Amino acid sequence: MVISLTENYEFQRVYKKGQSYPGRYAVVYYRKNNRGNLRLGITATKKIGKACVRNRARRLIYENMRLLLPTMEQGYDIVVVARNAIVGADFFSLGKELQRLLQKAGAFLHE
RNA sequence: UGAGCAAAACAGACAGUCGCGGGGAAAGUAAUUUUUUACUUUUCAUGAGGAAAGUCCGGGCUUCACAGAGCAAGGGUGCCGGUUAACGACCGGUGGAGGCAACUCUAAGGAUAGUGCAACAGAAAAGAACCGCCGAGAUUUUCGGUAAGGAUGAAAAGGCGAGGUAAGAGCUCACCGGCAAUCCGGAGACGGGUUGGCCGUGUAAACCCCACCCGAAGCAACACAAGACUGCACGAUAGCUUGCUCGGCUGUGCGAAUUGUGGCUUGAGGUAAUCAGCAAUGGUUAUCCUAGAUAGAUGGCUGUCAGAUACAGAACCCGGCUUAUAGUUUUGCUCAAAUC
RNA sequence: GGGCCAUUAGCUCAGUCGGUAGAGCACUUGACUUUUAAUCAAGUUGUCCGGCGUUCGAAUCGCCGAUGGCUCA
């Protein structure tokens, strides 16, 4: 079960105060939230394309994040913003990139 | 075989696995007198389109306005008949345009109700006369007749031929176009004929005239419940404070951010058969229930099919129209060539 | 979910009751200057967002689209 960010102010808080890690397909924002759980927000703006394209981008990100989440540290808010290049991207290259970006952010549990 | 025309259907499928939305069933826990409610777990079936899109029309539903009718304003529609809940949609026809054909396209009422416009060119763009032609005077110009010929233009005063004439002219006649009257066929648009008189252009997707139609706004509508703001008004009436008055509190009414629930999917519904109709469509019978989210659910991976996936994602619901669209399949028909 | 508007030269805009499409800046060339700038003179520049239609003729009128923007709840 993934807890998702809903309100606009929560997104704004992450954009302004969090760390950002840009990639080719997406940008990851990462911030500590003092709640003890892990929350995820996905953004696909109108710039990317029409409704169908945006849905596809959101689903690909969601599925990748779902697989990655169990290995990550609790107590953070994550926002993933899709970029234009995601339109032609396939599942695995997006997954590799997200993994790289999150590693940079130090999101994974380390022994 | 080639080229083409029309009408339809599909929109990757199947298996495994992980995950998501709402729903059913079972079990457990908590609250509760019960009903029931909330949470957790397990399990079962189910879950985007032909355009879900654009928002160009029409309707249901809801609120507001009017609760009688007419007129005006504004907007729309515009050959005829039918279908429909309704429509600017659809079907069948008529006229017109295109194509050898199958067939396709068609905003197609009125220009003798009125007003406007028709650049440049041209004598003249609507009651026409520059050159010309003819006649008369006069002697190089005037008067009259004329609209065949010339030139301009997108468009030039019905077309074309014959008769006729001073020259000409629907002046007369034949054919054609158009108009009027009338007869026949048709439900009608209209088609066919007869007779008459010979007829001042185009534009109404210019204003307009005629006929018909239209109250406004939208599910973020709206209904119910709670209700911050310590909001505004009342406090004449009820209660408390008190012996009484003032005051205060409770209270009553109103506005209202916001939250929750309903609206929300059984409907002008789908499928099949049959009957009526050329068809759109309608009737009857049987049968089925098939998303309902609220930051918004359909995705990932693996395998098989020869290979590959276009345009694209429901948000109150229907009927159309328009636009985007890879590829596959079916049916009927036309033309050309060849063979029998 | 509705409503409204715009699109014209490289840029910013005129032209909108149909009749050969313009201004400023920019650009090019020439003059002036030792040179540049400024100034002066001359010149170039358009699928009038796309398609179809009405008309003799369309940037202008009608219809269907595209893109961009504004706005209401």
Side-chain angles (χ1 to χ4, degrees):
Chain A
M1 192 72 181
V2 181
I3 301 159
S4 62
L5 292 173
T6 55
E7 294 300 320
N8 190 37
Y9 69 88
E10 293 174 324
F11 278 85
Q12 294 303 326
R13 193 190 290 155
V14 178
Y15 291 147
K16 280 181 185 158
K17 305 197 173 171
Q19 303 287 315
S20 71
Y21 301 93
R24 183 168 140 74
Y25 299 125
V27 184
V28 171
Y29 292 85
Y30 192 68
R31 182 177 181 271
K32 201 162 189 162
N33 70 354
N34 298 326
R35 286 164 138 270
N37 55 10
L38 193 63
R39 299 194 298 171
L40 174 67
I42 301 172
T43 303
T45 60
K46 221 169 182 179
K47 204 170 64 181
I48 294 175
K50 297 191 176 182
C52 190
V53 176
R54 292 161 63 196
N55 258 338
R56 168 109 189 125
R58 188 176 54 72
R59 282 175 189 146
L60 284 176
I61 292 169
Y62 184 87
E63 182 65 18
N64 268 306
M65 291 305 288
R66 190 179 70 79
L67 295 174
L68 291 174
L69 278 176
T71 64
M72 288 163 67
E73 259 189 288
Q74 296 293 306
Y76 288 91
D77 286 346
I78 304 169
V79 173
V80 183
V81 179
R83 306 188 69 182
N84 278 356
I86 205 169
V87 174
D90 69 299
F91 179 76
F92 290 109
S93 48
L94 178 64
K96 269 181 210 160
E97 175 164 307
L98 284 175
Q99 199 163 5
R100 186 172 59 79
L101 293 175
L102 288 168
Q103 201 127 42
K104 239 176 167 180
F108 294 106
L109 290 168
H110 16 263
E111 297 303 305

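Predicted, not measured: the structure shown is a model, and the values here were computed from it.
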- Taking atom C1' in both B:C289 and B:U271, compute the distance separating them and give it to the nearest angstrom. 12 Å
- Is B:C321 paired to anything, Watson-Crick or G-U wobble with both distances less than 3.5 Å, and if yes, which nucleotide? B:G54
- Message: Test of understanding: with side chain to side chain contact (heavy atoms under 4.5 Å, CB included), list the residues that count as partners of A:I42, not counting sequence neighbours.
- Response: A:L40, A:R58, A:I61, A:Y62
- Shortest non-hydrogen pair, A:V27 vs A:P22, comes out as CG1-CA, 4.0 Å
- Message: Taking B:C56 as the reference, what is the distance to B:G159 when you measure between their C1' atoms (whole Å, please)?
- Response: 47 Å
- Considering only atom C1', compute the distance from B:G23 to B:A279 and round it to an integer number of Å. 44 Å
- Note on the structure: Per-residue pairing states of RNA chain C in dot-bracket (Watson-Crick or G-U under 3.5 Å; . unpaired, | other strand) read (((((((..((((.....[..)))).(((((.......))))).....(((((..]....)))))))))))).
- Task: Report the glycosidic orientation of B:A53: syn if within 90° of 0, anti in every other case.
- Result: anti
- Query: Excluding sequence neighbours, so at least two apart, what forms ring pair (Phe, Tyr, Trp, His ring centres under 6.0 Å) with A:Y25?
  - Reply: none
Check: protein-nucleotides 298-300 of chain B nitrogen or oxygen pairs below 3.5 Å:
residue, atom, partner, partner atom, Å
B:U298, OP2, A:R59, NE, 3.1
B:U298, OP2, A:R59, NH2, 3.2
B:G299, O3', A:R56, NH1, 3.2
B:G299, N2, A:E63, OE1, 3.4
B:G299, N2, A:E63, OE2, 3.3
B:G300, OP1, A:R56, NH1, 2.5
B:G300, OP1, A:R56, NH2, 2.8

- For B:G196 and B:G178, measure between their C1' atoms and round to the nearest Å. 14 Å
- B:A314 pairs with, by Watson-Crick or G-U criteria that keep both distances under 3.5 Å: none
- A:R100 CZ: over 12 foreign heavy atoms closer than 6.0 Å: yes
- Message: Using Watson-Crick or G-U wobble geometry with both distances under 3.5 Å, which nucleotide pairs with B:U274?
- Response: B:G283
- Message: Output the rounded distance in Å from CZ (A:R54) to P (B:A315).
- Response: 14 Å
- Message: Measure CG/A:L68 against P/B:G19 and give the value in whole Å, please.
- Response: 16 Å
- Item | Same-atom distance (C1') from B:G320 to B:U84, integer angstrom | 11 Å
- Using the C1' atom in both, what is the distance from B:G192 to B:U94, to the nearest Å? 15 Å
- Using purine N1 to pyrimidine N3 plus N6-O4 or O6-N4 for Watson-Crick, or N1-O2 and O6-N3 for G-U wobble, each under 3.5 Å, what pairs with B:C5? B:G332
- Message: With syn defined as a glycosidic angle within 90° of 0 and anti as the rest, where does B:G248 land?
- Response: anti
- Which residues pass the ring pair (Phe, Tyr, Trp, His ring centres under 6.0 Å) test with A:Y76, sequence neighbours left out? A:Y30
- Task: Tell me whether B:U265 sits syn or anti, counting syn as a glycosidic angle within 90° of 0.
- Result: syn
- Query: In chain order, what residues pass the ring pair (Phe, Tyr, Trp, His ring centres under 6.0 Å) check against A:Y15, with sequence neighbours excluded?
  - Reply: A:Y29
- Message: Any strand counts, and the cut-off is 3.5 Å on both contacts for Watson-Crick or G-U wobble. Which nucleotide pairs with B:A166?
- Response: none
- Item | Considering all heavy atoms, the nearest A:N64-A:G95 contact | OD1-CA, 3.3 Å
- Using both distances under 3.5 Å as the test, list the Watson-Crick or G-U wobble partner of B:C232, or none. B:G253
- Base-pairing mate for B:A73 - Watson-Crick or G-U, with both contacts under 3.5 Å: none
- Note on the structure: In whole angstroms, the gap separating P of B:C20 from CD1 of A:I61 amounts to 19 Å
- So CZ of A:R59 and CZ of A:R54: to nearest 0.5 Å the spacing works out to 12.5 Å
- Message: Both distances below 3.5 Å, Watson-Crick or wobble geometry, any strand: find the nucleotide opposite B:U195.
- Response: B:A180
- Whole angstrom value for the distance that separates P of B:C20 from CE of A:M65: 16 Å
- Message: Can you check the distance between B:C190 and B:G81, where both ends of the measurement are the C1' atom (answer in whole Å)?
- Response: 12 Å
- Atom pair distance, as rounded to whole Å: CG in A:N55 and P in B:G296: 11 Å
- Looking at CZ of A:R24 and CD1 of A:I86, how far apart are the two atoms once the value is rounded to the nearest 0.5 Å? 11.0 Å
- pair A:M65-A:I78: side-chain heavy atoms closer than 4.5 Å: yes
- Query: What's the base orientation of B:U83: syn (chi within 90° of 0) or anti?
  - Reply: anti
- Message: Just verifying a value: how many Å separate A:D77 CG and A:R31 CZ, rounded to the nearest 0.5 Å?
- Response: 7.0 Å
- Take atom C1' in B:C207 and the same atom in C:C52, then report the distance between them in whole Å. 26 Å
